[in-house]
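Shown next, in structure tokens, is the structure this report addresses.
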Amino acid sequence: DRHPEPQFEPDPTKKTLVILGTGWGSVALLKKLDTENYNVVVVSPRNYFLFTPLLPSCTTGTIEHRSIMEPVRTILRHKKAAVKFYEAEASSIDPDRKVIKIVDNSEIQGATSETEIPYDMLVIGVGAENATFGIPGVREHSCFLKEIGDAQQIRKKIMDCVETAAFKGQTSDEIDRLMHMVVVGGGPTGVEFAGELQDFFEEDIKKLVPEISPRFKVTLIEALPNVLPSFSKQLIDYTENTFREEKIDIKTKTMVKRVTDTTVEAEASRPDGGKERVVIPYGLLVWATGNAVRPIVKDLITKIPAQKDSRRGLAVNEYLVVQGTRDIWAIGDCAVAGYAPTAQVASQEGNFLGRLFNNMAKTENHESRIQELSSKMNLQAGNSAEAAHEIESLEKQLRRIKDIKPFRYSHQGSLAYIGSEKAVADVSWWNGNLATGGSLTYLFWRSAYLSMCFSTRNRVLVILDWLKSKAFGRDVSRE
Ligand code: FAD
Ligand code: NAD
């Protein structure tokens with residue numbers, strides 16, 4: 001039987017709201033949205049939300065990856081009205097026809113793996129991809145640290161390097177290379193990963209593979225004169241000093257130009273201002289040089305004349321509407337609203353859109369009720385006092401609802417773990433800024449991230465993982 005199954009029938013009295021992505025922005029929107037007001041459709045190749053701030057801890061097994069994932073279907077189950085979810089990638093957006101094309105790129109595919117979805121309103125929350133700046137060899141030879149799969153791959157590779165270095169008769173040069181873990185990019189991702197790696201070494205590898213452990217080395221390469229450029233000077237110094245104590249080698253003013261399967265080639269600035277070429281052998285290479293624009297966003301930019309100057313993502317106005325469109329909004333890392341690409345910004349933007357859409361639906365309901373009452377009043381003139389009263393009250397509510405202030409980001413602070421149970425924090429404090437680093441900040445970091453975890457289930461799992469790795473050491477078996 002080749003007849004397609006009956007499709008999800010959208011309610012024709014409601015607008016269809018399509019949301020792309022299940023990351024920080026889209027999930028914050030879904031949490032806030034009164035789904036009964038729209039036909040809501042969510043499209044994402046990932047059927048879960050990922051709590052990225054704890055992803056670096058998954059690379060060494062301090063936290064197990066499933067503890068920081070929350071299935072979308074569980075999130076949607078708690079919504080008042082049903083939301084349709086399709087595990088697929090949106091491959092193109094047609095703003096004229098108001099349809100998106102979606103493709104199932106997963107391992108298992110059915111007879112239908114490509115289709116179109118029409119929308120009345122579209123929210124783009126597809127995030128960003130890893131920047132490589134077209135540097136040769138990066139895609140082929142390094143690991144990124146953005147998705148769960150990346151963290152799993154890194155975890156496997158670290159132990160593969162260690163076990164291969166411990167192989168009978170391994171040459172000395174090869175042991176040094178294999179035990180050399182190189183991180184490119186001194187932003188928070190690179191710094192947190194380097195810190196986690198050093199912890200793993202100090203707390204586990206040293207005990208488990210003592211014969212080769214002195215050869216384990218972590219190097220962090222950064223093109224700028226210092227790491228963590230977005231943190232305050234005092235915390236940059238604190239991080240660099242802590243890394244020195246932890247024996248993490250920081251190579252600043254060093255720009256990676258090429259990567260081979262065993263070496264990183266970089267251009268380093270000498271103190272005299274000259275440049276020198278350095279070749280660094282590595283066992284594991286993690287590439288963390290920030291964000292690049294996803295193809296679907298690049299493609300949409302070319303279709304909207306008002307976006308012709310957009311380079312870093314979709315330019316949006318203060319209500320997060322994509323400039324040059326009326327019914328497309330963008331949030332998070334794929335939107336350019338004048339803020340840093342962080343989870344904090346993405347979730348506040350998603351939350352804002354949730355409130356905005358709830359208000360828009362209420363406005364429409366109120367307006368149609370007012371119209372209904374006024375036509376009734378015209379028909380039965382005698383009985384109009386009650387209706388007039390209701391109209392007055394509705395109009396009053398309407399003025400309040402319609403008065404939606406534009407989006408404004410409220411910065412709660414920046415936090416980063418730097419290894420050896422220390423963290424750095426730039427936190428907004430009264431009207432000023434508080435910069436702190438150390439073990440107390442680490443406790444603050446732990447409790448802050450714990451409180452931000454998506455669900456109680458996630459929170460419990462993360463606590464158990466922390467206790468487990470402390471009590472029994474990290475699990476170094478390679479799956
Ligand atoms: P994402 O959360 O990346 O979500 C994008 C979603 O879109 C995903 O579900 C993806 O599968 C989906 N998608 C991709 N392509 C398509 C497509 N074609 N069609 C449909 N869906 C698609 N920020 C902080 O504020 N604090 C931190 O401590 C912090 N730590 C971090 C640690 C790491 C290791 C990393 C990598 C980032 C960290 N960030 C942190 C940054 C933060 O994770 C991002 O800014 C945030 O995820 C952006 O949210 P988003 O919704 O825009 O995108
Ligand atoms: P980033 O953009 O913050 O840092 C990338 C770094 O790589 C830059 O300092 C850049 O100078 C360097 N770089 C680029 N090309 C290079 C090259 N060829 N050789 C050497 N160095 C090179 O990237 P990120 O750390 O992945 O962070 C991305 C976003 O996510 C940021 O907005 C960040 O704030 C956020 N984030 C936040 C946290 C946190 O708050 N704890 C953690 C991770 C990520």
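Atoms within a ligand are numbered from 1 in the order they appear, just like the ligands themselves.
Side-chain atoms of Gln348 come within 3.5 Å of backbone N or O of Ser410 as a donor-acceptor pair.
In terms of the ring pair (Phe, Tyr, Trp, His ring centres under 6.0 Å) criterion, Phe444 has no residue partners (sequence neighbours excluded).
What sits closest to atom 4 (O) of ligand 2 on the protein, heavy atoms only, is Gly187 CA, 3.5 Å. Given atom 13 (N) of ligand 2, the protein heavy atom at minimum distance is Thr289 CG2, 3.8 Å. In terms of protein heavy atoms, atom 44 (C) of ligand 2 is closest to Thr189 OG1, 3.4 Å. Closest to atom 7 (O) of ligand 2 among all protein heavy atoms lies Gly185 CA, 3.3 Å. In this structure, the protein non-hydrogen atom closest to atom 10 (C) of ligand 2 is Glu222 OE2, 3.4 Å. When hydrogens are left out, the protein atom nearest atom 23 (O) of ligand 2 is Gly290 CA, 3.3 Å; that is the closest non-hydrogen contact. Scanning the protein for heavy atoms near atom 42 (C) of ligand 2, the closest one is Pro188 CB, 3.3 Å. Atom 23 (N) of ligand 1 has its closest protein heavy atom at Ala343 N, 3.0 Å. Here the heavy atom of the protein found nearest to atom 36 (C) of ligand 1 is Leu145 O, 3.3 Å. Thr52 CB, 4.0 Å is the protein heavy atom nearest to atom 37 (C) of ligand 1. Closest protein heavy atom to atom 41 (N) of ligand 2: Leu415 O, 2.6 Å.
Every heavy atom of Ser230 sits 4.0 Å or more from the atoms of ligand 2. Distances from ligand 2 to the non-hydrogen atoms of Phe144 include no value under 4.0 Å. In this structure, Thr254 is part of the shell of residues with a heavy atom less than 4.0 angstrom from ligand 2. Under a 4.0 angstrom heavy-atom cut-off, Tyr417 registers as lying outside contact with ligand 2. The closest approach between a heavy atom of Phe193 and any atom of ligand 1 is not below 4.0 Å. Ala288 counts as a contact of ligand 2, since one of its heavy atoms falls under 4.0 Å from the ligand. At least one heavy atom of Pro229 sits less than 4.0 Å from an atom of ligand 2.
No side-chain N or O of Thr62 forms a donor-acceptor pair with one of Ser469 less than 3.5 Å apart. For the residue pair Arg244 and Asn241, a side-chain donor N or O sits within less than 3.5 Å of a side-chain acceptor on the partner. If you check the side chains of Ser57 and Glu196, you find a donor sitting under 3.5 Å from an acceptor. Looking only at atom types and distance, the side chain of Ser92 has no donor-acceptor partner in the side chain of Asp299 under 3.5 Å away.
Where the criterion is an N or O separation shorter than 3.5 Å, residue side chain and backbone included, Pro56 fails it with respect to ligand 1. Backbone and side-chain nitrogen or oxygen atoms of Ala346 are examined, and none is located within less than 3.5 angstrom of a nitrogen or oxygen of ligand 1. By the 3.5 Å distance cut-off applied to N or O atoms, Glu89 is not counted among the residues near ligand 1. Between Trp24 and ligand 1, a contact under 3.5 Å exists for at least one N or O pair. Of the N or O atoms in Lys146, none lie within a sub-3.5 Å distance of an N or O in ligand 1. For ligand 1, the polar-atom distance check finds no N/O of Leu55 at less than 3.5 Å from any of the ligand's N/O atoms. Considering both main-chain and side-chain atoms, Gln344 comes within under 3.5 Å of ligand 1 through a nitrogen or oxygen pair.
Checked options Leu145, Asn130, Ile135; the residue passing with Trp287 is Ile135 (criterion: side-chain contact (heavy atoms from CB on, under 4.5 Å)). For the ring-ring contact (aromatic ring centres under 6.0 Å, His included) with Tyr417, the qualifying choice from Tyr449, Phe193, Trp445 is Trp445, the only one to do so.
A salt bridge does not link Glu129 with Lys146: none of the charged nitrogens is closer than 4.0 Å to a carboxylate oxygen.
Around CZ of Arg66, the count of heavy atoms belonging to other residues, nucleotides or ligands within 6.0 Å does not exceed 12.
Annotation for ligand 2: atoms under 4.0 Å from non-hydrogen atoms of Pro341 are 29 (C), 30 (O), 31 (C), 32 (O), 35 (C).
Aromatic pair Tyr339/Phe407: centroids less than 6.0 angstrom apart.
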Pair up each side-chain donor or acceptor in residues 16-23 with any protein partner under 3.5 Å, not counting sequence neighbours, and list the distances.
unit_1 : atom_1 : unit_2 : atom_2 : d
Thr22  : OG1    : Ser44  : OG     : 2.9
Thr22  : OG1    : Arg46  : O      : 2.9
Thr22  : OG1    : Tyr48  : O      : 3.3

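When the options Val256, Leu145, Ile418, Val183 are ranked by their closest heavy atom to atom 18 (N) of ligand 2, first place goes to Val256.
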